[in-house]
> 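Sharing a structure with you now.
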Amino acid sequence: MKYFSVCVLALFTSACGHFQTSSSDHYSPSATEPDAIELTPAEEALASQPEPAQEETAPELAEAPEESRDLWIRVRDNFMLDETVEDPRIASQLRWYASHQSYLNRVSERGERYLHYIITQIEERNMPGELALLPIVESAFDPFAYSHGRASGVWQFIPSTGAAYGLKQDWWQDGRRDIRAATDAALTYLDRLQAQFDGDWMLALASYNSGAGTVRKAIRRNREKGLPTDFWALDLPRETRAYVPKLIALAKLLLDPEAHGIVWPELPDEPYFAVVETGGQIDLAQVAELSGADLDEIYRLNPGFNRWATHPAGPHEVLVPLNNADTFAENLKSLPPEHRVRWQRYTVRSGDSLNLIAKRFQTTPDALQIANDLNSSVIYAGQQLMIPSAHKSQGEYTLSLAKRTEKLQTRKPSGSSSRVDYYVRAGDSFWEIAQEYDVSVRELARWNAMAPTDPLRIGQKLVIWSKNRSANREVIRKVHYQVRKGDSLAAIADRFNVSLKDIRRWNVAEVASKYLQPGQNLTLYVNVTR
């Protein structure tokens, strides 16, 4: 990657006031005291990575060829906010960024995939170019970033706000991580916020971070006290007070990097990806093979897909690197639609349900209904179903939601002594499980790629890293039991030392009928230490 030093002859002044973000949809930096820099999880993870050997000294500055155009210059040329403002909070953030060249290098490397698209959308809406830097503040341009507040994606939407702005969230897909959909939603949201605050972008930005209601209350309190009501005078939540200064600090660095002893890696001002219609659901491994791109690169361009394939209900399109788009489109023509996802034929057995079959084959009841043209969830023994399945082994899809979660779960924290696999039971909560194993709620959530407020599902596996080797704790194992001739619920409960009430709660659909049937499958959660 080449490096380009931007020399600026004049500072841009604010065109439409100030920009603030405060909404619970986004996770933002929390440093507020001038010299107390606190990092977001995404910033901390990126900043803690060891510097590559070649980055131990500042890279040589190279003059950009006259015919080339640097994307950072295009971003800078669209600045509209007031970067001349001085505040101790801005100075503190500037010092941190200026002392972490490797962090800026890595953020630039990540952002290269998305920045051209984002600044193009900003230009089309005539919005401040500084907004293109907001994903650095929000997520360090990590499309898989997930905060303790349940915010996801480069723009860090929480579920409710994502849903309000049309971002699909289900088993197959999380639109909050979709680069195009989330960018459109974020810019629409920000534009509405600045309109609410009469064009004051600083207040709009603060509202994006902590919510418009929070900002209005702070304005009302200051007004009642006869105090100024601009962003810099408001008593806002700690992370919000640091949020805007981080953005302004980054803008200042882009305006005059030499003054702060840093360089921005040169990024080509050209599209990074192309959108290709697929005509139906397609395995992402097939996309990689047909395009000649790496599977991880396909996931990074399509981070909204949770599983091994695109959404069965569409929209049927994928992003591929621009240089691979023609190859992919051409090869796709020769691949029949029925071969774009691998299919297995399954014969329904007694006791089966769409829910059970979906769990067994790592899909959803809705996907099975769509694939088999079923009008309802009713199925019968002997019925033939077609099951969509992955083209490769699950281990190949390293950036799928399941594999990312597994990677986090297997990373042993320092100071921990033993791992416990815990299966969620009825009535469980993060707090109760954390208390039982003497860990914090936030630790428990982080080990399992979750937020503390995420809902738990009965049967869900949680990894717990216990610090107490000698603690006498329960170890719960999930058991799939196939009913045999002569079995009864009471006999099964006695055999596995569980209660009848629990068996019924764990298997609502399976025990709905009066009698058990041989071959029927039951799910049990058994304490193996008893």
> I need the Q286 CD to I298 CD1 distance, nearest 0.5 Å.
12.0 Å
> With under 30° as parallel and over 60° as perpendicular, where do the rings of Y525 and W506 fit, or are they tilted in between?
perpendicular
> Relative to the ring of Y437, is the ring of Y422 parallel (under 30°), tilted (30 to 60°) or perpendicular (over 60°)?
perpendicular
> Residues in salt bridge (charged side-chain N to carboxylate O under 4.0 Å, His left out) with E123, at least two apart?
R74
> Is any side-chain heavy atom of H480 closer than 4.5 Å to a side-chain heavy atom of N521?
no
> Keeping to residues at least two apart or across chains, list the salt bridge (Lys or Arg N to Asp or Glu O under 4.0 Å) pairs with something in residues 336-352.
D352-R360
> My understanding is that only residues two or more places apart in sequence, or in another chain, count here; which of them pass side-chain contact (heavy atoms from CB on, under 4.5 Å) with E277?
E317
> Scan residues 355-380 for pairs that pass ring pair (Phe, Tyr, Trp, His ring centres under 6.0 Å), counting only residues two or more places apart or in two chains.
Y346-F361
> Compare all side-chain heavy atoms of L408 with those of R446 and state whether any distance is below 4.5 angstrom.
no
> Who pairs with K359 by salt bridge (charged side-chain N to carboxylate O under 4.0 Å, His left out), at least two apart in sequence or on another chain?
none
> Which pairs pass ring pair (Phe, Tyr, Trp, His ring centres under 6.0 Å) with one or both residues in residues 270-302, sequence neighbours excluded?
Y117-F273
> Please identify each residue that fulfils side-chain contact (heavy atoms from CB on, under 4.5 Å) with D174, with sequence neighbours left out.
S152, Q169, R176, R177, N306
> Go through D502 and R425 one step at a time and tell me if the salt bridge (charged side-chain N to carboxylate O under 4.0 Å, His left out) criterion holds.
CA-CA 9 Å; D502 280 341; R425 294 170 290 178; over 6 Å; no
> Salt bridge or not for E289 and K392, using N-O below 4.0 Å?
yes
> Check side-chain hydrogen bond (donor to acceptor under 3.5 Å, both in side chains) between D487 and all other residues, then give those that pass, not counting sequence neighbours.
Y481, R495
> Among all residues two or more places apart in sequence or in another chain, which pass the salt bridge (charged side-chain N to carboxylate O under 4.0 Å, His left out) test with D184?
R125
> Would you mind reporting whether W447 and R442 have side-chain heavy atoms less than 4.5 Å apart?
no
> Side chains of S350 and Q517: closer than 4.5 Å at any heavy-atom pair?
yes
> Quick one, I122 and I119 - any side-chain contact, counting heavy atoms below 4.5 Å?
yes
> Can you list everything that forms a side-chain contact (heavy atoms from CB on, under 4.5 Å) with N323? Sequence neighbours excluded, please.
none
> Can you find a heavy atom in the side chain of S291 that is under 4.5 Å from one in the side chain of N331?
no
> Check the pair Q384 / T347 against side-chain hydrogen bond (donor to acceptor under 3.5 Å, both in side chains), numbers first and verdict last.
CA-CA 5 Å; Q384 297 287 311; T347 303; 2.7 Å; yes
> Between W308 and W172, how do the two ring planes meet: parallel, tilted or perpendicular, split at 30° and 60°?
perpendicular
> Salt bridge check: are E406 and K403 linked by an N-O gap of less than 4.0 Å?
yes
> Considering residues, nucleotides and ligands other than W343, do more than 12 of their heavy atoms fall under 6.0 Å from its CH2?
yes
> Please list, chain by chain and in numerical order, all residues satisfying side-chain hydrogen bond (donor to acceptor under 3.5 Å, both in side chains) with R113, sequence neighbours excluded.
E297
> Which residues pass the salt bridge (charged side-chain N to carboxylate O under 4.0 Å, His left out) test with D170, not counting sequence neighbours?
none
